[in-house]
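Let me begin by presenting the structure, written as C-alpha cells, before commenting on it.
The chains referred to below are lettered A, B, ... by the order of the sequence lines, with proteins before strands, and numbering in each begins at 1.
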Amino acid sequence: MLSIELIRRDPDLVRQALESRGEQDPLAGLLDLDAQRRQAVAQGDELRAQRNQVSRQLGQERAAGREPPPEAMAEMRQVGDRIAELEQQVKELDEQLNQLLLGLPNIPLAEVPKGLDESHNVILRQWGEPLVRDFEPLPHWDLGERLGVIDFEKGVKLSGSRFYTMFGAGAKLERALISWMLDLHTLEHDYTEVMVPAVVKQETMEGSGNLPKFVDNLYHDEEDDLWLVPTAEVPITNLYRDDILAPGTLPLKYVAQTPCFRREKAAAGRDTRGIKRVHQFNKVEMYKLVEPDTSSEELEGLVADAEDVCKRLELPYRVIQLCTGDMGFASAMTYDIEVWSAGCAEWLEVSSCSNCTDFQARRSHLRYRPSPGARPQLLHTLNGSGLALPRVMIAILENCQRADGSVVIPQVLRPYTGFDEIPAPKTALSTK
RNA sequence: GGAGAGAUGGCUGAGCGGACGAAAGCGCCGGUCUCGAAAACCGGUAUACCUCCGUGGUAUCGUGGGUUCGAAUCCCACUCUCUCCGCCA
C-alpha cells in the first residue's frame, strides 16, 4: 500500500511512477475522496469535542445536586445524531479510499529500468556457461519418468492436472536440497530458520497483499475460511504485524521451507509439461525485515545469497533486473535468477528477489523504533527464493545427466543424499 | 466435540456510568549520588489521525453493534485465549 500523504503531497510523481508500470490513470478519484474524508473527519472531531465538553458540564451539574437543563441534553442528542451520520460517511469514504489504495502497486526505485514488458528487462550478469554435450540431453519429463523418480500419472490420479509424485532418489534428492539450502542459509548466510503454518487466516493474506487482489491464484477452504499459502512470504510478513520492534532488533533475517500452493488460473495452458509450473511445490524462502536506509544494500546481499546456491550446485545462471512493467505488485526493485536447463534448453526462473520497501510494512503495520524514545517508523521488507525446488530439480536432472541417462549428484549434496548418482534406467534410452 | 473462566498500556494488575488515556507495581529511558556499579531518590515513559500548530482537538481498554447528554464501566452478538473432560498424529 502506498502512503496517502505522499500521494497528497506529490501526486505527479506518484502518477508517473505508476504509469511506468503500465497502470492507467492510477490516481483517478483518489485525491477527491481523500479531501472529502478529511473534511468529514474534521467535522466529526469538532462535534465530538463540543459534545464532550457539554457532557462534562452536565455531569458536574448532577454532581452538584442540580438537575441538568433538558434542552442541553436534547441539543446534544441531535449533535450525537449528526456525529453518527458523519461516522457512517467516514466509514464509507474509508472503504472506497482503501479499495483504491489497495489496488495501487509499489513505486519503482529510481534505478529500475523503465519499460512495460519483459523485453526491457536487463541481463546483469551470467555465471557459468550452458554445457555443450556430445549427446542430446533429455527434458526432465522424459528423463524423470524413465529414471522412475517422477510420476506424472500418479499425480493426476491423486489430485488432477499439474500435480506430480516423486519416488525414490527423486524424492530423496528434493529433501536433500531442502536440508542443504536451509543449512547453507542458516550456517553461512546468517538467517534464522523458521517453520510457519502453510494455512492462514484471511487477515494474514490481506496483510501480505495477496488478498483481495489475487484471490484467483489462491486455494481456499470454505468450511473454516482458511487459505493455503502461495509462498512462505505470506506468514513471515505477518509475523510482526501490528508490532513495534524495539531498537536494535533489526535486521531480522528468516529462512523457511514451506509447500506453496498456486491455482495458476491465469497461466492456464502455459508450461503444461513437466514440473515447471505446478499447483503444489516446495520452496525455501528468505525474508528480511530491515531499516529503510539499508534495504537497497540488503537486496544485493539477498541476491548474492540466492546466487550462492546456484554456484555451489554448479548450475549456470544469469541475473536479470526486471523493468518497471514486469515487477511484482509489492516490489520496488526485483532481480530474477534464471538457471540454465539443458534438456528443455531454456533459462528457468528459480528465484525472484525483491525489495518491497515500506509497501508491505504499511499495509501490515510493521514498525520499529529507531532509538529509545523515538517515534515508530515503517520498516522495509525484502523477500527472495532461496530457491524454488521443482525448477532446481529440473536443472539438476537435465544438466547433470550423462549419455546413458544416469544423473550425477552435485558434490555439495552428496552428504545429504547419501548417493553420488541416480543410476541409468534399465530401459534403453533413445536420444531423439 | 462437552463444561467453565477470562480478554485493560511493554508486562503484572486496579478500575461505584461523569475530572479515566486509564491507579499501583515491574520494566525501560534520563538525572542525582558514586572512581565506577548496585541500591536509594527525582523525573519521564502508548498509538494513530486532525490542526487556526496552541500548556490545542479527536479516537483507541479483544471486535462489532446498542442504551445514554456522557461507556473501560450497562445490554446484545461475535472472535480469541486459558482450564477440565472426551477424541486424536
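A tilted orientation is assigned to the rings of A:Tyr164 and A:Phe152, their planes being inclined by 30° to 60°.
Of the residues in residues 67-76 of chain A, those with a non-hydrogen atom less than 4.0 angstrom from any atom of RNA chain B are A:Met73, A:Met76. Using a 4.0 Å cutoff on non-hydrogen atoms, the parts of residues 50-59 of chain A near RNA chain B are A:Arg51, A:Asn52, A:Ser55, A:Leu58, A:Gly59, ordered by number.
A:Asn106 and A:Ser331 are not linked by any side-chain donor-acceptor pair at a separation below 3.5 angstrom, with hydrogens and angles left out of the test.
Between the CG atom of A:Asp242 and the P atom of B:G9 there is a distance of 14 Å, given to the nearest Å. One can place CZ of A:Arg48 at 17 Å from C1' of B:U68, the figure rounded to the nearest angstrom. The CD atom of A:Glu203 sits 12 Å away from the P atom of B:G64 (whole-angstrom rounding).
Between A:Tyr368 and A:Tyr240, the distance from one ring center to the other does not fall under 6.0 angstrom.
Checking side-chain atoms of A:Thr186 against main-chain N and O of A:Asp183 turns up a donor-acceptor pair under 3.5 Å. Remark: side-chain polar atoms of A:Ser354 are not paired, donor with acceptor, to backbone N or O of A:Cys356 under 3.5 angstrom.
Taking the P atom of each, B:A71 and B:U67 are spaced 11 Å apart, rounded to whole Å. Nucleotides B:G13 and B:A19 place their C1' atoms 23 Å apart, quoted to the nearest Å. Comparing the P positions of B:G2 and B:C75 gives an interatomic distance of 25 Å, to the nearest angstrom. B:U58 and B:G1 have their C1' atoms separated by 46 Å, with the value rounded to a whole Å.
For residues 203-217 of chain A, the side-chain hydrogen bond (donor to acceptor under 3.5 Å, both in side chains) pairs, not counting sequence neighbours, are A:Gln202-A:Glu206, A:Ser208-A:Asn210. Applying the side-chain hydrogen bond (donor to acceptor under 3.5 Å, both in side chains) test to residues at least two apart or on different chains, the pairs with a partner in residues 291-310 of chain A are A:Arg125-A:Glu307, A:His189-A:Asp308, A:Tyr191-A:Asp305, A:Lys288-A:Glu298, A:Ser295-A:Asn355, A:Ser295-A:His380, A:Glu300-A:Tyr335, A:Glu307-A:Tyr317, A:Asp308-A:Arg312.
Contact record, A:Arg363 with A:Leu102: NH2-CD2, 3.1 Å, taken as the closest heavy-atom pair. Scanning all heavy atoms of the two residues, the minimum distance from A:Cys344 to A:Trp141 falls at CB-CH2, 4.2 Å.
Looking at A:Arg277 and A:Glu264, a side-chain N of the basic residue comes within less than 4.0 Å of a carboxylate O on the acidic one, giving a salt bridge. Between A:Glu233 and A:Lys283, no side-chain nitrogen of the basic residue sits less than 4.0 Å from a carboxylate oxygen of the acidic one, so the salt-bridge criterion is not met. No salt bridge links A:Asp94 with A:Lys91; every basic N to acidic carboxylate O contact stays at or beyond 4.0 Å.
A 6.0 Å sphere centred on CD of A:Glu111 holds more than 12 heavy atoms belonging to other residues, nucleotides or ligands.
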Intra- and inter-strand pairs of RNA chain B in dot-bracket (Watson-Crick or G-U wobble, both distances under 3.5 Å; | for another strand):
((((((((.[[[..)..(.....]]]((((((.......))))))(((((.....))))).[[[[[..)....]]]]])))))))....
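Heavy atoms of A:Lys91 sit under 4.0 angstrom from primed sugar atoms or phosphate atoms, though from no base atom.
The nearest heavy atom of RNA chain B to A:Gly44 and to A:Gly80 marks one nucleotide each, and the one closer to the 5' end goes with A:Gly44.
With contacts defined as side-chain heavy-atom distances shorter than 4.5 Å, the pair A:Asp34/A:Arg38 qualifies.
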Distances under 3.5 Å between nitrogen or oxygen atoms of protein and nucleotides 45-49 of chain B:
| residue | atom | partner | partner atom | Å |
| --- | --- | --- | --- | --- |
| B:U47 | OP1 | A:Arg369 | NH1 | 2.8 |
| B:U47 | OP1 | A:Arg369 | NH2 | 3.2 |
| B:U47 | O3' | A:Arg367 | NH1 | 3.1 |
| B:A48 | OP1 | A:Arg367 | NH1 | 3.4 |

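With distances taken from any side-chain atom of A:Ala49 to the nucleotides B:G57, B:C52, B:G18, the minimum falls on B:G57.
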